[in-house]
Amino acid sequence: MPYSMLDIRAIRQNPDEFKAKLARKKVPAEVIDALLAADEAWRSALAEVERLKALRNSTSEAIAVKKKNKEDASADIARMREVGEEIKRLDEMVREQEAAVQEYLLTLPNVPHDSVPDGESEADNPVLRTWGEVPKFSFEPRAHFEIAEELGILDTERAVKITGSRFVLYKGLGSRLERALAAFMLDLHTDKHGYTEMFPAFIANEDSLIGTGNLPKFGDEMFKLEGLPYYLIPTAEVPLTNYYRDEILSVDQLPVKFAGYSSCFRSEAGSAGKDTRGLIRLHQFQKVELVNLVLPEESYNVLEQLTRECEAVLQALELPYRTIEICTGDLGSKDAKKYDIEVWLPASNTYREISSCTNFEDFQARRANLRFRRDDSSRPEFAHTLNGSGLAIGRTVAAILENNQEADGSVRIPKALVPYMGGIERITK
RNA sequence: GGAGUGAUGGCCGAGUAGGUCGAAGGCGCUCGCCUGCUAAGCGAGUAUACGGUCAAAAGCCGUAUCGAGGGUUCGAAUCCCUCUCACUCCGCCA
């Protein structure tokens, strides 16, 4: 039952190593000490209550024998009645201590991989590679939301009326473009990269969200259904990673490669005032997400491969991008190592995140109890999980509109997408 | 939403007047034997988690687990309560 993101036994054996590694994620050493103290208290209470339970079990057997032989067992029964009370009391203590240990383990962040560069913030993320030519315009490039409104393919005002701010409504060829991108990305990943297409429910339960690491810490980043233990998924990562939760896979089932299309819902708590216009930051956006479940020894190779698979989408769409490596100061709580892919957005004259590719190692697998067996006689091991956006569709739309805009306000459809647009090569007024 | 039935190990499936049941039996699987291929046959083995022991693994010891949680009891797969899920029928519905 004890799910944990970190291996408590490993922490017991090498507390200093964990303190040092977690210090890179700004976890004070005292937290590890407190965890170990709670763990010690839990284990000693557990040892005591198990000793009493063993006594009760053996005595109960003796009572059964005595009764069968018509002997008097009342002294044993009276004694066990007291032992039972003591067990009840100690069980309560064990429960409390175990909950305390779990609380620590569920809220501690993942350990960053040794290769992750040190850094304080996103400003310190090294650029790994840059692809494509940044377009030159003979005019002042306009923002995607201006282009889109003028072309009549996006209606933000009415979306606000219908729902509220940070929601949009695609219309006409805008809607078609969304649909075309989803289909194109899914086809690319299933046909070229060996993924299995998945279409999950957009609502997940609490166990699933604990499994991926969204709960208990990040509940306020999601929309919860009122009165129900359900949340709108913030990404298809949640259903896809939890697909094999509480299961033991055989080794020949690995690697698992799922490509899932879904809407993604985010409360965007704490982002007031940021990216308030356009398609960059919404409460709902669509995304094709890639999830990999792999052997531990392969996960870092797979991370490189996964990143290339996501980059392949931008290359096919002829959109300039760069790939950066996330430093310790910018690394997410769940992440062991992460690359971001950033697409060029001419209107803001900057690269903007359009995909994150992350290796969680066994962090999620522990929480989700997702294991595999190397062969029939070996013990189950935790798999490694990875995911990457391939890609966020709203931001891809924004990138196409801005990079492919023309002086007359029209927008070129990337060649690879034309078949998905029913042959339409250009969106005009 | 209404009525009913059910939930046991990888699968199927025994087991309710509480007692040595982690749980019969079968299937599957693994290893070995045997048969000049295959099939059949014979023998052995075949859950998970946690704690302890150990440098570690194996092994060994202990605890827990028969949908989940709680209760009764010296003792619960078996009795009681609550919940969840699945299936069937009715109603409703894209």
Side-chain angles (χ1 to χ4, degrees), chain A residues 1-17 35-106 199 201-211 225 227-230 242-253 263 296 362 365-383:
Chain A
M1 141 91 197
Y3 299 146
S4 55
M5 68 180 257
L6 297 176
D7 186 351
I8 181 66
R9 272 175 292 199
I11 299 176
R12 273 177 213 149
Q13 282 176 355
N14 302 303
D16 293 335
E17 184 187 331
L35 162 65
L36 288 171
D39 178 56
E40 184 55 42
W42 169 63
R43 280 186 298 154
S44 71
L46 184 65
E48 177 63 10
V49 75
E50 287 192 348
R51 192 184 64 77
L52 291 179
K53 282 180 180 174
L55 173 66
R56 180 175 69 182
N57 286 346
S58 60
T59 308
S60 289
E61 271 181 42
I63 290 170
V65 171
K66 284 187 181 174
K67 287 214 166 179
K68 197 184 244 174
N69 297 337
K70 307 259 194 271
E71 295 172 31
D72 176 38
S74 57
D76 283 337
I77 290 175
R79 203 151 52 83
M80 285 309 104
R81 197 169 290 158
E82 286 172 30
V83 169
E85 291 303 312
E86 183 68 3
I87 287 173
K88 205 172 273 185
R89 197 180 63 77
L90 280 169
D91 260 340
E92 186 55 36
M93 262 177 70
V94 168
R95 249 195 302 277
E96 284 171 19
Q97 294 298 340
E98 184 176 356
V101 172
Q102 286 310 306
E103 177 71 16
Y104 280 113
L105 289 173
L106 282 172
F199 186 70
F202 296 175
I203 294 174
N205 61 31
E206 287 179 332
D207 282 345
S208 294
L209 290 155
I210 289 171
L225 299 207
L228 293 170
Y230 294 157
N242 278 282
Y243 184 78
Y244 285 120
R245 170 157 53 83
D246 289 323
E247 296 191 33
I248 301 173
L249 305 179
S250 63
V251 74
D252 51 281
Q253 287 178 272
S263 289
D362 64 4
R366 283 179 186 283
R367 300 170 73 109
N369 195 26
L370 195 174
R371 294 175 296 171
F372 72 96
R373 217 191 280 276
R374 290 185 191 272
D375 58 66
D376 287 333
S377 58
S378 60
R379 302 175 65 80
E381 297 173 49
F382 291 111

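Side-chain atoms are counted along with the backbone in the values below, which use heavy atoms only and exclude waters and symmetry mates. Each chain gets a letter, A, B and so on, in the order its sequence line appears, and its residues count up from 1. Everything numeric in this text was worked out from a predicted model, so none of it was measured.
- For the C1' atoms, the distance from B:rG45 to B:rU88 is 41 Å, rounded to whole Å.
- The side-chain contact (heavy atoms from CB on, under 4.5 Å) test applied to A:E92 returns A:R95, A:E96, not counting sequence neighbours.
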*For A:E85 and A:E82, what are the C-alpha separation, side-chain angles and deciding distance, and is it a side-chain contact (heavy atoms from CB on, under 4.5 Å)?*
CA-CA 5 Å; A:E85 291 303 312; A:E82 286 172 30; 5.7 Å; no

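- Applying the side-chain hydrogen bond (donor to acceptor under 3.5 Å, both in side chains) criterion to A:S44, with sequence neighbours excluded, gives no partner residue.
- Using atom P as the reference point in both B:rU73 and B:rC60, the two lie 37 Å apart (nearest Å).
- At whole-Å resolution of the value, CG in A:D91 and P in B:rC50 are 18 Å apart.
- What you find for A:F372 and A:F382 is that their closest heavy atoms are CE2-O, 3.5 Å.
- One P atom belongs to B:rA57, the other to B:rG41, and the distance between them is 41 Å to the nearest Å.
- A heavy atom lying under 4.0 Å from RNA chain B marks the following residues of residues 79-89 of chain A, by number: A:M80, A:R81, A:K88.
- Side-chain proximity of A:P380 to B:rC50, B:rG19, B:rU48: nearest is B:rU48.
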_A:R43 and A:V101: CA distance, side-chain angles, deciding distance, side-chain contact (heavy atoms from CB on, under 4.5 Å) verdict_ = CA-CA 10 Å; A:R43 280 186 298 154; A:V101 172; over 6 Å; no

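- Across the P atoms, B:rA49 and B:rG36 are found 44 Å apart, a figure rounded to whole Å.
- Within residues 47-54 of chain A, the residues having any heavy atom under 4.0 Å from RNA chain B are, by residue number, A:E50, A:K53, A:A54.
- In this structure, A:R56 places its CZ atom 12 Å from P of B:rU72, rounding to the nearest Å.
- Between A:E98 atom CD and B:rC50 atom C1' there is a gap of 8 Å when expressed in whole angstrom units.
- Residues that satisfy the side-chain contact (heavy atoms from CB on, under 4.5 Å) test with A:A54, not counting sequence neighbours, are absent from this structure.
- Taking atom P on both nucleotides, B:rA7 is separated from B:rC66 by 14 Å, rounded to a whole Å.
- Taking atom CD1 of residue A:I11 and atom C1' of nucleotide B:rC50, one finds them 16 Å apart after rounding to whole Å.
- Nearest heavy-atom pair, A:A38 versus A:Y104, reported as atom, atom and distance to 0.1 Å: CB-CE1, 4.3 Å.
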Short heteroatom pairs, N/O only, protein and nucleotides 82-86 of chain B, under 3.5 Å:
none

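- Considering only side-chain atoms of A:R95, the nucleotide from B:rG52, B:rA49, B:rG70 that sits closest is B:rG70.
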*Any chance you could lay out the side-chain contact (heavy atoms from CB on, under 4.5 Å) test for A:Q253 and A:E247, step after step, and finish with the verdict?*
CA-CA 12 Å; A:Q253 287 178 272; A:E247 296 191 33; over 6 Å; no

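- Nearest heavy-atom pair, A:R367 versus A:L106, reported as atom, atom and distance to 0.1 Å: NH1-O, 3.2 Å.
- Around OH of A:Y230, the count of heavy atoms belonging to other residues, nucleotides or ligands within 6.0 Å does not exceed 12.
- A:Q102 contributes atom CD, which lies 9.5 Å from atom CG of A:L35 (distance to the nearest 0.5 angstrom).
- For B:rA77 and B:rA23, the P atoms lie 12 Å apart once the distance is rounded to whole Å.
- For A:L46 and B:rU53, the CG to P distance is 13 Å, given to the nearest whole Å.
- Computed from coordinates, the A:D39 CG to B:rC50 C1' distance equals 11 Å when rounded to whole Å.
- Heavy-atom nearest nucleotides on RNA chain B were determined for A:A78 and for A:R9, and the one closer to the 5' end corresponds to A:R9.
- A distance-only check finds a donor-acceptor pair linking the side chain of A:D72 to the backbone of A:S74 [under 3.5 Å].
- Secondary-structure stems of RNA chain B, taken as three or more successive Watson-Crick or G-U wobble pairs (i with j, i+1 with j-1) under a 3.5 Å distance threshold, comprise B:1-7 with B:84-90, B:10-12 with B:25-27, B:28-33 with B:41-46, B:47-53 with B:59-65, B:67-71 with B:79-83.
- Only the P atoms considered, B:rC33 is 36 Å distant from B:rG13, to the nearest whole Å.
- Taking a 4.0 Å limit (strictly below) on heavy-atom distances, residues 57-65 of chain A reaches RNA chain B at A:N57, A:S60, A:I63, A:A64.
- Nucleotide B:rG18 holds its P atom 15 Å from the CD1 atom of A:I77, rounded to whole Å.
- Here the shortest heavy-atom pairing between A:E381 and A:R374 reads OE2-NE, 2.6 Å.
- Here the side chain of A:R371 pairs no donor or acceptor atom with the backbone of A:I248 at under 3.5 angstrom.
- In this structure, CD of A:E206 is placed 15 Å from C1' of B:rA68, rounded to the nearest angstrom.
- With sequence neighbours left out, the side-chain hydrogen bond (donor to acceptor under 3.5 Å, both in side chains) criterion links A:D91 to A:K53.
- The shortest non-hydrogen separation linking A:F202 to A:S263 is CZ-N, 3.4 Å.
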Table of protein N/O atoms under 3.5 Å from nucleotides 45-47 of chain B N/O atoms:
none

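- Under the side-chain hydrogen bond (donor to acceptor under 3.5 Å, both in side chains) criterion, A:E61 pairs with no residue at all, not counting sequence neighbours.
- Comparing the P positions of B:rU72 and B:rC80 gives an interatomic distance of 15 Å, to the nearest angstrom.
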*Going through the distances and angles, do A:V83 and A:T59 end up as a side-chain contact (heavy atoms from CB on, under 4.5 Å)?*
CA-CA 11 Å; A:V83 169; A:T59 308; over 6 Å; no

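- Scanning all heavy atoms of the two residues, the minimum distance from A:A45 to A:M93 falls at CB-CE, 4.3 Å.
- The side-chain contact (heavy atoms from CB on, under 4.5 Å) test applied to A:S208 returns A:A204, A:N205, A:V238, A:N242, A:R245, not counting sequence neighbours.
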